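The next block holds one structure in the form of structure tokens; read it before the comments.
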There are 2 protein chains.
Amino acid sequence: MTKKQQNIFNTALELFATDGVDATSTSKIAKVAGVSEGLIFRHFTNKEGLLQAILTEGLNKAHEYFQLIQVEIDPKTRIRKALELPFNILPEEYNFWRLVYTLKWQRGSVQTEEMSDFRASLADAFDQLNYENPSAEARLVESIIDGIATEVLLKDVHPKPLLKCVLDKYKLK
Amino acid sequence: MTKKQQNIFNTALELFATDGVDATSTSKIAKVAGVSEGLIFRHFTNKEGLLQAILTEGLNKAHEYFQLIQVEIDPKTRIRKALELPFNILPEEYNFWRLVYTLKWQRGSVQTEEMSDFRASLADAFDQLNYENPSAEARLVESIIDGIATEVLLKDVHPKPLLKCVLDKYKLK
DNA sequence: GTCTATACCAGGATAGAC
DNA sequence: GTCTATCCTGGTATAGAC
């Protein structure tokens with residue numbers, strides 16, 4: 001990736017995340033990135049291509065995080081690490097996740113394959129701990145993660161006190 | 001509201017919710033609603049006015065739900081009713097809530113005034129029950145509600161098993 | 001790799017007739 | 001209250017020069 005290509009990539013991510021993909025024009029991306037509009041299309045074919053480039057790059061990284069949790073053998077630790085996920089989002093990753101959460105509502109959730117692995121490994125953990133309904137528990141954890149992530153990404157306050165409350169509910173600590 | 005005005009209102013809500021506001025053109029709304037495009041502007045001034053009309057109508061109804069919870073005196077019942085919220089969304093209301101959740105990510109959450117009342121009444125409930133950090137608990141409940149609502153609205157499965165799991169965490173039954 | 005110029009179309013919005 | 005016709009802007013995308 002050349003310098004200017006990176007510029008396009010980064011400003012597009014920023015603008016897509018804050019204003020939404022549809023509300024972000026290629027001309028604005030070019031202007032903010034300090035680049036000619038034509039260059040966007042040279043490098044990324046079209047606006048959709050630019051979006052896809054951003055998504056695949058970010059999802060690869062994200063995939064690693066999820067993997068790190070699934071390899072955890074102790075069920076309690078696995079659940080705890082999952083619940084800690086939204087509290088460990090790095091500031092550099094905010095834009096990406098805001099984009100992902102926005103897109104959920106229009107294009108359907110991005111990538112379902114690795115997410116179902118993640119859910120399965122959570123259900124397995126709850127099963128080991130003899131919870132009554134492991135798969136429901138797994139779905140609940142996912143929902144809680146989503147809910148807290150939303151709070152973190154939108155309110156921009158790092159809500160450490162919340163973590164204590166959640167872990168408490170699961171008698172982890 | 002005349003018949004056609006209602007048509008515009010309803011199809012706009014539907015399209016806004018599924019495709020997003022920006023991706024929904026006034027011409028498409030007109031076409032689907034079986035109405036001339038000009039009529040939209042006669043009735044709602046502009047696209048933004050149409051959106052606002054939809055939002056204020058829906059938020060008034062929503063406000064009532066929240067009020068119903070806040071008047072509940074027993075703290076346990078109040079918390080339980082709050083947590084039940086996402087499970088009681090009516091199918092007719094799906095589009096509205098999908099729209100609201102979408103807009104969160106671009107325009108900032110719609111109306112913060114009545115929501116902070118709601119949060120305060122939750123914190124108060126936790127306070128009465130001698131929880132360690134009532135305000136954090138209140139925020140957590142809100143996050144859980146948001147997370148589950150997302151699950152309900154996007155996956156379109158009514159996840160009753162989840163309810164049992166959540167109530168369990170709060171020792172409500 | 002990058003820029004300028006430009007084609008082309010679609011979107012929001014208005015005017016005026018019925 | 002409703003429709004048709006139309007204007008104008010701005011958005012996506014391409015061509016060709018440097």
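Predicted model only: the values in this text are computed from it and were never measured.
- B:L39 places its CG atom 16 Å from the P atom of C:dG12, with the value rounded to the nearest Å.
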Enumerate the protein-to-nucleotides 12-18 of chain D contacts in which both atoms are nitrogen or oxygen and the separation is below 3.5 Å.
residue, atom, partner, partner atom, Å
D:dT12, OP1, A:K47, NZ, 2.8
D:dT12, OP2, A:T26, N, 2.6
D:dT12, OP2, A:T26, OG1, 2.9
D:dA13, OP2, A:K47, N, 3.2

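- Considering all non-hydrogen atoms of both residues, A:V152 and A:Y94 come closest at CG1-OH, 3.4 Å.
- Rounded to an integer number of Å, the gap from B:D19 CG to C:dA10 P is 17 Å.
- Using a 4.0 Å cut-off, no side-chain N or O of A:K28 falls inside it from OP1 or OP2 of D:dG10.
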Please tabulate, one pair per line, all N/O donor-acceptor pairs under 3.5 Å involving side-chain atoms of residues 126-134 of chain A, not counting sequence neighbours.
residue, atom, partner, partner atom, Å
A:Q128, NE2, A:D124, OD2, 3.0
A:E132, OE2, B:K164, NZ, 3.3
A:N133, OD1, A:A136, N, 3.3

When the side chains of residues 59-73 of chain B are checked against the rest of the protein, which donor-acceptor pairs come out under 3.5 Å, sequence neighbours left out?
residue, atom, partner, partner atom, Å
B:N60, ND2, B:T56, O, 3.4
B:H63, NE2, B:E114, OE1, 3.2
B:Y65, OH, B:E93, OE2, 2.6
B:E72, OE1, B:K81, NZ, 3.2

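- Rounded to a whole Å, the NZ atom of A:K31 is 16 Å from the C1' atom of C:dC3.
- The side chain of B:K3 places no N or O atom within less than 4.0 Å of a non-bridging phosphate oxygen (OP1 or OP2) of D:dT2.
- Picking from D:dT2, C:dG1, C:dC3 the nucleotide with the shortest atom distance to the side chain of A:K4 gives C:dC3.
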Return all side-chain donor-acceptor pairs below 3.5 angstrom for residues 38-46 of chain A, not counting sequence neighbours, or 'none' if the list is empty.
residue, atom, partner, partner atom, Å
A:N46, OD1, A:E48, N, 3.3
A:N46, OD1, A:G49, N, 2.8

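- In this structure, B:H43 places its NE2 atom 16 Å from C1' of C:dT14, rounding to the nearest Å.
- B:I8 places its CD1 atom 14 Å from the P atom of C:dG12, with the value rounded to the nearest Å.
- The CD atom of B:Q6 sits 13 Å away from the P atom of D:dG1 (whole-angstrom rounding).
- Scored by the salt bridge (charged side-chain N to carboxylate O under 4.0 Å, His left out) test, A:K4 finds no partners at all (sequence neighbours excluded).
- Using a distance-only test at 3.5 Å, with no hydrogens or angles considered, a donor-acceptor pair links the side chain of B:R78 to the main chain of B:S121.
- When rounded to the nearest whole Å, the span between CD of A:Q5 and P of C:dC3 equals 13 Å.
- Atom P of nucleotide C:dG1 and atom CZ of A:F44 are separated by 11 Å, given to the nearest angstrom.
- Applying the salt bridge (Lys or Arg N to Asp or Glu O under 4.0 Å) test to residues at least two apart or on different chains, the pairs with a partner in residues 23-36 of chain A are A:D19-A:K28.
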